[in-house]
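Just so you know, these numbers use all the heavy atoms, side chains as well, and skip hydrogens, waters and symmetry mates.
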Amino acid sequence: MAVEVEIRKEGKGDELLLKSFIGEKLAIGAYDDSWRFQVGKTGENMVVIDPERPGRGIMIHLDPNDRSSVKLKLPIPAAPHDVEVFVDVVTRVAKEWDAAIWTEAGDSMPAGVFATNENNIKDFNDKAFKEVTKNLIDGKAPSFCIFAANWPLYLSVEDAKKLKGDTEAFGKWLSDKQSIDAYYASPRFYMKDGKVIGRYIIMSDCRAIFPKTPSVPYGMTHEGRPLECDDYKVVIGTEEEMIGEIGFEEFKSKLPSAKVSGYDENDILIEELSEDELRSMV
């Protein structure tokens, strides 16, 4: 679910400057294969976020063969602040480009008129989030995956009960989860003896977010098909050397309990491990 618009320039479009998308406080980049935000990365598909209040990212698509339009999308549900950022970016780009804004319904409007729809978008967002939390509480899903601004997050049934469909509270939850200083671990995949293997990496003195169960990131493919992997291990090392590797479940079982806490429905937070603690695992 999303709110999508297209900004169209009459005639040949002038080159859009990246600063038109970010203004004074936002950041632009792109996602890697694991949906982690890479600041400064550019291309056809980019993302704008507010690094001071990370919620969800605003998707931008630039067609390399058509410089007269740009498409922007806000994933829903989002934080109310995300809606404000989305409206701000769309109106600023339309004004600076002297272009019209087209909605999914096929309506065209100038930037000033589009800006008046902010409350309508917030109302739509409120209803969508209430539906998501209700579905979780009613047992229709065990969790809800959110492709958030910096990395994926998973909303649990208990989270849904606490947030009670309140998008302001949801926005704070998104920001709090993404404002911690930690490495979001994601597997790297290799071919070995004709088989796909997945390897996570953990380094000494590095706070990290690890999955409870290893998996292939959403949408990752191999030779045109969804990537499948059932061989996961954790590579353990320091900045100077690789210490060794162990099975994923063995790694989890050897983690000091005092260094592990819950992060979200699918992930755990591992506090910094010393070199000695890591060596003792191998």
Side-chain angles (χ1 to χ4, degrees), residues 31-39 54 136 141-163 170 172-193 195-220 226-282:
Y31 289 127
D32 65 11
D33 290 340
S34 299
W35 299 92
R36 296 177 297 189
F37 182 70
Q38 309 292 298
V39 65
L136 284 171
S143 66
F144 180 69
C145 179
I146 302 158
F147 295 104
N150 288 326
W151 52 67
L153 293 169
Y154 292 84
L155 191 73
S156 69
V157 174
E158 289 306 310
D159 291 325
K161 290 178 179 178
K162 292 176 182 176
L163 296 174
F170 178 50
K172 185 177 186 307
W173 182 85
L174 287 169
S175 183
D176 289 347
K177 290 293 181 184
Q178 298 178 84
S179 295
I180 68 169
D181 184 13
Y183 162 67
Y184 184 89
S186 183
R188 298 179 182 180
F189 295 97
Y190 309 89
M191 291 296 295
K192 184 177 181 180
D193 300 325
K195 182 181 178 182
V196 177
I197 61 174
R199 296 294 183 264
Y200 288 84
I201 298 174
I202 191 162
M203 308 289 284
S204 61
D205 304 316
C206 177
R207 199 180 193 203
I209 299 166
F210 261 69
K212 296 175 183 177
T213 303
S215 63
V216 177
Y218 175 79
M220 192 173 285
L227 181 66
E228 296 182 359
C229 179
D230 58 11
D231 181 353
Y232 291 96
K233 291 184 179 180
V234 178
V235 177
I236 296 173
T238 68
E239 290 187 3
E240 290 76 29
E241 64 173 320
M242 172 182 161
I243 297 173
E245 68 175 35
I246 59 175
F248 191 91
E249 291 304 318
E250 182 183 0
F251 167 74
K252 282 178 57 182
S253 70
K254 290 183 175 181
L255 286 170
S257 58
K259 294 289 185 76
V260 180
S261 59
Y263 177 71
D264 65 9
E265 180 66 7
N266 282 33
D267 303 289
I268 58 174
L269 178 63
I270 304 172
E271 300 298 335
E272 296 178 1
L273 297 169
S274 68
E275 182 177 339
D276 288 341
E277 286 175 315
L278 289 179
R279 287 188 182 279
S280 70
M281 293 183 178
V282 180

Practice task
Take Lys212 and Asp264 through the salt bridge (charged side-chain N to carboxylate O under 4.0 Å, His left out) test and state the conclusion after the steps.
Solution key: CA-CA 10 Å; Lys212 296 175 183 177; Asp264 65 9; over 6 Å; no
Exercise for the section: Decide side chain to side chain contact (heavy atoms under 4.5 Å, CB included) for Leu155 and Leu136; before the verdict, give the C-alpha distance in whole Å, the side-chain angles of both, and the deciding distance to 0.1 Å. Expected result: CA-CA 9 Å; Leu155 191 73; Leu136 284 171; 3.8 Å; yes
Handout entry: Pair Ile146-Leu174, side chain to side chain contact (heavy atoms under 4.5 Å, CB included): steps then yes or no
Key = CA-CA 9 Å; Ile146 302 158; Leu174 287 169; 4.2 Å; yes
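In this structure, the salt bridge (Lys or Arg N to Asp or Glu O under 4.0 Å) partners of Asp230, at least two apart in sequence or on a different chain, are Lys195. In this structure Lys172 satisfies the salt bridge (Lys or Arg N to Asp or Glu O under 4.0 Å) test together with Asp176, sequence neighbours excluded. Remark: Lys162 pairs with no residue by the salt bridge (Lys or Arg N to Asp or Glu O under 4.0 Å) rule, at least two apart or across chains.
Under the 4.5 Å side-chain criterion, counting only non-hydrogen atoms from C-beta, Pro217 is in contact with Ser186. Side-chain atoms of Phe147 and Cys145, non-hydrogen and from C-beta on, do get closer than 4.5 Å to each other. Looking at heavy atoms from C-beta onward, Glu277 lies in side-chain contact with Pro256 at the 4.5 angstrom threshold. Annotation: side chain of Asn266 is in contact with side chain of Ser143 (closest heavy-atom distance under 4.5 Å). Side-chain atoms of Ser204 and Ser274, non-hydrogen and from C-beta on, never get closer than 4.5 Å to each other. At least one side-chain heavy atom of Ile209 sits less than 4.5 Å from a side-chain heavy atom of Ile180. Between Met220 and Glu228, every side-chain heavy-atom pair lies at or beyond the 4.5 Å cut-off. Counting only heavy atoms from C-beta outward, the side chains of Ile270 and Leu255 approach each other to under 4.5 Å.
Atom OH of Tyr218 is surrounded by 12 or fewer heavy atoms from other residues, nucleotides or ligands within 6.0 Å. Other residues, nucleotides and ligands contribute over 12 non-hydrogen atoms within 6.0 Å of the CZ atom of Arg279. Within a 6.0 Å radius of CG in Asp33, no more than 12 heavy atoms belonging to other residues, nucleotides or ligands are found.
For Phe189 against Cys229, the heavy-atom pair with the smallest separation is CE2-CB, 3.8 Å. Looking at every heavy atom in both residues, Leu163 comes nearest to Phe170 through CD2-N, 4.0 Å. Residues Phe248 and Pro211 share a closest heavy-atom pair of CZ-O, 3.3 Å. The shortest heavy-atom contact between Pro142 and Glu265 is O-OE2, 4.0 Å. Scanning all heavy atoms of the two residues, the minimum distance from Leu227 to Val216 falls at O-CG2, 3.6 Å. A pairwise comparison of heavy atoms in Gly237 and Leu278 identifies O-CD1, 3.8 Å as the closest pair.
The distance between the ring centers of Tyr200 and Phe210 falls below 6.0 angstrom.
For the pair Glu245 (side chain) and Lys233 (backbone), a donor-acceptor distance under 3.5 Å is absent. For the pair Trp151 (side chain) and Phe37 (backbone), a donor-acceptor distance under 3.5 Å is absent. Between the side chain of Lys259 and the main chain of Leu273, no donor-acceptor pair closer than 3.5 Å is present. In this structure, Glu249 contributes its side chain and Gly247 its backbone to no donor-acceptor pair below 3.5 Å. A side-chain donor-acceptor contact under 3.5 Å links Thr238 to the backbone of Glu240.
The structure places CG of Leu153 at 8.0 Å from NZ of Lys177, a figure rounded to the nearest 0.5 Å. The CE atom of Met203 sits 11.0 Å away from the CE atom of Met242 when rounded to the nearest 0.5 Å. Note: Ile202 CD1 to Phe251 CZ = 4.0 Å, rounded to the nearest 0.5 Å. To the nearest 0.5 Å, atoms OH (Tyr184) and CH2 (Trp35) are separated by 12.0 Å. Taken from CG in Asp205 to CD in Glu239, the straight-line distance is 8.0 Å, to the nearest 0.5 Å. Rounded to the nearest 0.5 Å, atoms CD1 (Ile246) and CE (Met281) are 6.0 Å apart.
Between Glu271 and Arg207 a salt bridge is recorded (basic side-chain N to carboxylate O distance below 4.0 Å).
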